[in-house]
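By convention in this document, chain letters (A, B, ...) are assigned in the order of the sequence lines, proteins followed by strands, and residues within each chain are numbered from 1.
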Protein chains: 2
Amino acid sequence: MTSSPRSPGRPRAGIDDEVFAAALRTVDELGYPGATMDRIAAAAGVAKTTLYRRWPSKGALITDCLIHTFGPLPPADDALIETAIRWLAGKISEPGVGAAFAGVFVDAYSDPTLRELLSTRFQAPYLEALQAKLDQPEAEILLLIDVVAGTMLHRMGITGSPMAKTDVTALTDMVLGHFTGGRRSRTR
Amino acid sequence: MTSSPRSPGRPRAGIDDEVFAAALRTVDELGYPGATMDRIAAAAGVAKTTLYRRWPSKGALITDCLIHTFGPLPPADDALIETAIRWLAGKISEPGVGAAFAGVFVDAYSDPTLRELLSTRFQAPYLEALQAKLDQPEAEILLLIDVVAGTMLHRMGITGSPMAKTDVTALTDMVLGHFTGGRRSRTR
DNA sequence: CAAGTTTCGCTACCGTTGGTATCGATACCG
DNA sequence: CGGTATCGATACCAACGGTAGCGAAACTTG
């Protein structure tokens with residue numbers, strides 16, 4: 001009684017994966033503004049109205065897409081911060097991901113609803129995971145996230161392409177220097 | 001003969017200051033997407049066609065507005081990086097500036113023309129100024145800019161309000177730790 | 001003063017986009 | 001079978017960035 005096994009009516013078709021893939025493909029080809037809801041729908045072989053039946057806005061769709069694409073933080077026994085930074089850099093480099101990330105971020109800049117979604121559904125899990133494993137106050141973890149994500153997005157916005165490995169290393173170095181009390185963690 | 005003292009025809013009215021102020025006011029009130037060219041024109045007491053006669057696009061107008069608002073890097077005899085970071089944090093906190101900054105940045109994400117403008121006219125002068133005073137390779141200066149601006153914009157995008165002083169201090173600490181070889185510059 | 005030239009404000013207009021409404025058809029439950 | 005909810009399709013709307021064309025205004029030059 002706690003959960004009805006199924007509700008009446010036609011069941012929803014399992015199209016989420018297809019839609020997410022189509023969204024990333026379209027964003028990669030045409031950029032975030034060019035990735036129209038019409039075009040995403042067409043690329044996914046789905047009607048636009050179906051998209052709006054499931055996601056309240058384009059931003060919400062892309063946010064869901066990002067959540068699905070990024071998935072959980074990879075496990076790291078030892079060098080958590082290094083691992084997380086390189087993981088994020090790798091994800092952002094995947095086709096469409098960086099542009100989608102930046103685009104939804106910009107949308108959220110002036111849409112409180114979307115900002116809430118982005119903060120609660122996308123960022124919060126990573127915040128909690130980091131907080132659980134890193135013995136640091138919340139403010140420091142939030143700064144860590146701002147620095148890492150902000151830097152990569154800024155770089156991609158200015159240059160149009162993701163960060164080079166060298167710079168990712170430098171960024172890692174800089175962050176680690178702060179979080180390990182000024183000592184370098186190791187020369188790798 | 002090198003320069004004609006004045007060309008024939010009706011001279012352009014000196015409305016730039018008024019337009020920039022109106023743009024920031026409007027962005028502050030309604031956000032970047034809400035700051036329509038119609039509304040900016042109305043707020044400045046100017047026709048929309050006049051705006052398009054001077055700036056080729058909304059992004060170009062806002063970019064010019066930012067250049068005008070930020071002005072040159074403040075002089076700093078000693079603690080250049082600290083001064084620059086706090087100066088940037090202060091500017092971004094001014095009403096409308098942060099949102100305008102982020103908005104034009106997002107536009108540039110998918111508009112190569114605007115990206116070029118932003119990179120050449122807005123970022124380049126600061127890059128050169130920093131490079132002249134800081135004995136660092138260009139890649140490091142670029143990273144510095146990405147980290148500082150990216151972090152502040154990311155924070156503002158997620159929370160909706162500019163960075164608190166405490167966090168600016170922490171960010172400064174982190175950046176300085178990297179640029180002074182791991183040593184803190186001083187306890188302030 | 002009269003041309004000539006450029007900018008002004010104004011209105012009207014266009015294409016695109018996010019998002020909505022409505023429809024018959026379809027797929028499930030009881 | 002009836003009820004219900006989703007599907008695709010079409011049509012539609014308001015808003016926005018940007019453009020075209022106009023007569024009026026403000027200059028420079030003759």
Please report, rounded to the nearest Å, how far the P atom of dC22(D) is from the CZ atom of Arg53(B).
15 Å
Can you list, by residue number, the residues of residues 95-103 of chain B that have a non-hydrogen atom closer than 4.0 angstrom to DNA chain C?
none
Nearest 0.5 Å, what's the CD1-CG distance between Ile67(B) and Leu118(B)?
8.0 Å
dist Lys133(A):NZ -> Asp77(A):CG (nearest 0.5 Å) comes out at 9.0 Å
Whole-Å gap separating C1' (dC8(C)) and CZ (Arg54(B)):
9 Å
Look at the side chain of Arg12(A) and decide which nucleotide, out of dC7(D), dC8(C), dA27(C), has an atom nearest to it.
dC7(D)
Quick one: stems involving DNA chain D, counted as three or more successive Watson-Crick or G-U pairs, both distances short of 3.5 Å.
C:1-30 with D:1-30
Which residues, if any, of residues 14-43 of chain A bring a heavy atom under 4.0 Å of DNA chain C?
Thr36(A), Met37(A), Arg39(A)
Does Lys48(B) contact dG9(C) through a side-chain donor or acceptor facing the base, at a distance under 3.5 Å?
no
Please figure out whether Thr49(A) or Tyr52(A) has its closest DNA chain C nucleotide nearer the 5' end.
Tyr52(A)
Measure from CH2 on Trp55(A) to P on dT20(C) and round the result to the nearest Å.
15 Å
Winner on side-chain proximity to Ala47(B), out of dC7(D), dC8(C), dC10(C), is dC10(C)
Do Phe122(A) and Phe101(A) have ring centroids that are under 6.0 Å from one another?
yes
Closer than 4.0 angstrom, basic N to acidic O: yes or no for Asp107(B) and Arg115(B)?
no
Tell me whether the side-chain N/O atoms of Arg10(A) come closer than 4.0 Å to OP1 or OP2 in dT4(D).
no
Thinking salt bridges, do Asp64(A) and Arg121(A) make one under a 4.0 Å N-O criterion?
no
